[in-house]
Amino acid sequence: SLIIFRDHSDSIINALYALAASCEEYDSKSLVLSCVSFVLTYLIGCGTMSEATANAAVGPLAQIWSEAADQNALLKRDVLSILSCTAQAVGSQHSVHLHPIALPMLDAALDPAQREDNLFLTEDTLGLWLSLLRLSPAYSEALGALFPRVQSLLEEDLEHVKVLMMITETYILFGGAIFLNAH
């Protein structure tokens, strides 16, 4: 039954990551990581995610991201998806614990020097960025350090202007005078 699945989700996620690590084909790894996202989506629907499950979901992501850096951007998209699901599941009380992992990934995915390699990640990256901003309990310098990426994206094109304006609005409302004085 699904209750057993929910109660053992951290073990299931760990097993899926072990399976992904054993895959040689990137498409296979991507499919397994998509399964992790599906498990997390199910848990969000149930309204429950234990700390062990959140840790299991996030733990291997930095390594997967770094391994995918030069090889396959599909895996990066899957990592962003897993982070988005986890952020939604843990909510505003614990989303700040994702910042040390997520913020460097967001910065790298939006780096103008690597824009061409990460072009199709922009939408997922901006969605995760906006979610983390909205879920953060307080403004921080680490969050503020990402803001210059808004300008670099707007200089390139206006495709994502709506979400970039929502990000900017959230920064202004959230960071107030501290943010405005810094930027």
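Keep in mind that this is a model prediction, so the values were computed, not measured.
Residues forming a side chain to side chain contact (heavy atoms under 4.5 Å, CB included) with Thr125 (at least two apart in sequence, or on another chain): Leu80, Leu106, Ala109, Leu110, Leu121. Scored by the side chain to side chain donor-acceptor pair (under 3.5 Å) test, Asp124 finds no partners at all (sequence neighbours excluded). Qualifying side chain to side chain contact (heavy atoms under 4.5 Å, CB included) partners for Ile12, counting only residues two or more places apart in sequence or in other chains: Phe5, Leu16, Val39. The side chain to side chain donor-acceptor pair (under 3.5 Å) check on Gln88 picks up nothing, with sequence neighbours excluded. Listed by chain and number, the residues in a side chain to side chain contact (heavy atoms under 4.5 Å, CB included) with Asp107 are Leu146, Arg149 (sequence neighbours excluded). With sequence neighbours excluded, the residues that form a side chain to side chain contact (heavy atoms under 4.5 Å, CB included) with Gln114 are Asp111, Asn118.
Judged as a salt bridge (charged side-chain N to carboxylate O under 4.0 Å, His left out), the pairs with a partner in residues 155-165 (not counting sequence neighbours) are, in order, Arg115-Glu156, Arg115-Asp157. The side chain to side chain donor-acceptor pair (under 3.5 Å) analysis of residues 28-37, with sequence neighbours excluded, yields the pairs Ser30-Asp78, Ser37-Ser81. Listed by first and then second residue, the side chain to side chain donor-acceptor pair (under 3.5 Å) pairs involving residues 50-61 are Ser9-Thr53, Ser50-Thr53 (not counting sequence neighbours). Residue pairs meeting the ring-ring contact (aromatic ring centres under 6.0 Å, His included) criterion with at least one partner in residues 107-126, sequence neighbours excluded, are absent. Sorted by first then second residue, the ring-ring contact (aromatic ring centres under 6.0 Å, His included) pairs that include residues 83-116, not counting sequence neighbours, are His94-His97.
Asn14 approaches Ala56 most closely through the heavy-atom pair OD1-CB, 3.6 Å.
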Show which side-chain atoms of residues 164-183 pair as donor or acceptor with protein atoms under 3.5 Å away, not counting sequence neighbours.
| from | atom 1 | to | atom 2 | distance (Å) |
| --- | --- | --- | --- | --- |
| Thr168 | OG1 | Leu164 | O | 2.8 |
| Thr170 | OG1 | Met166 | O | 2.8 |
| Tyr171 | OH | Trp129 | NE1 | 3.1 |
| Tyr171 | OH | Leu143 | O | 2.4 |
| Asn181 | ND2 | Ala177 | O | 3.1 |
| His183 | NE2 | Gly144 | O | 3.2 |

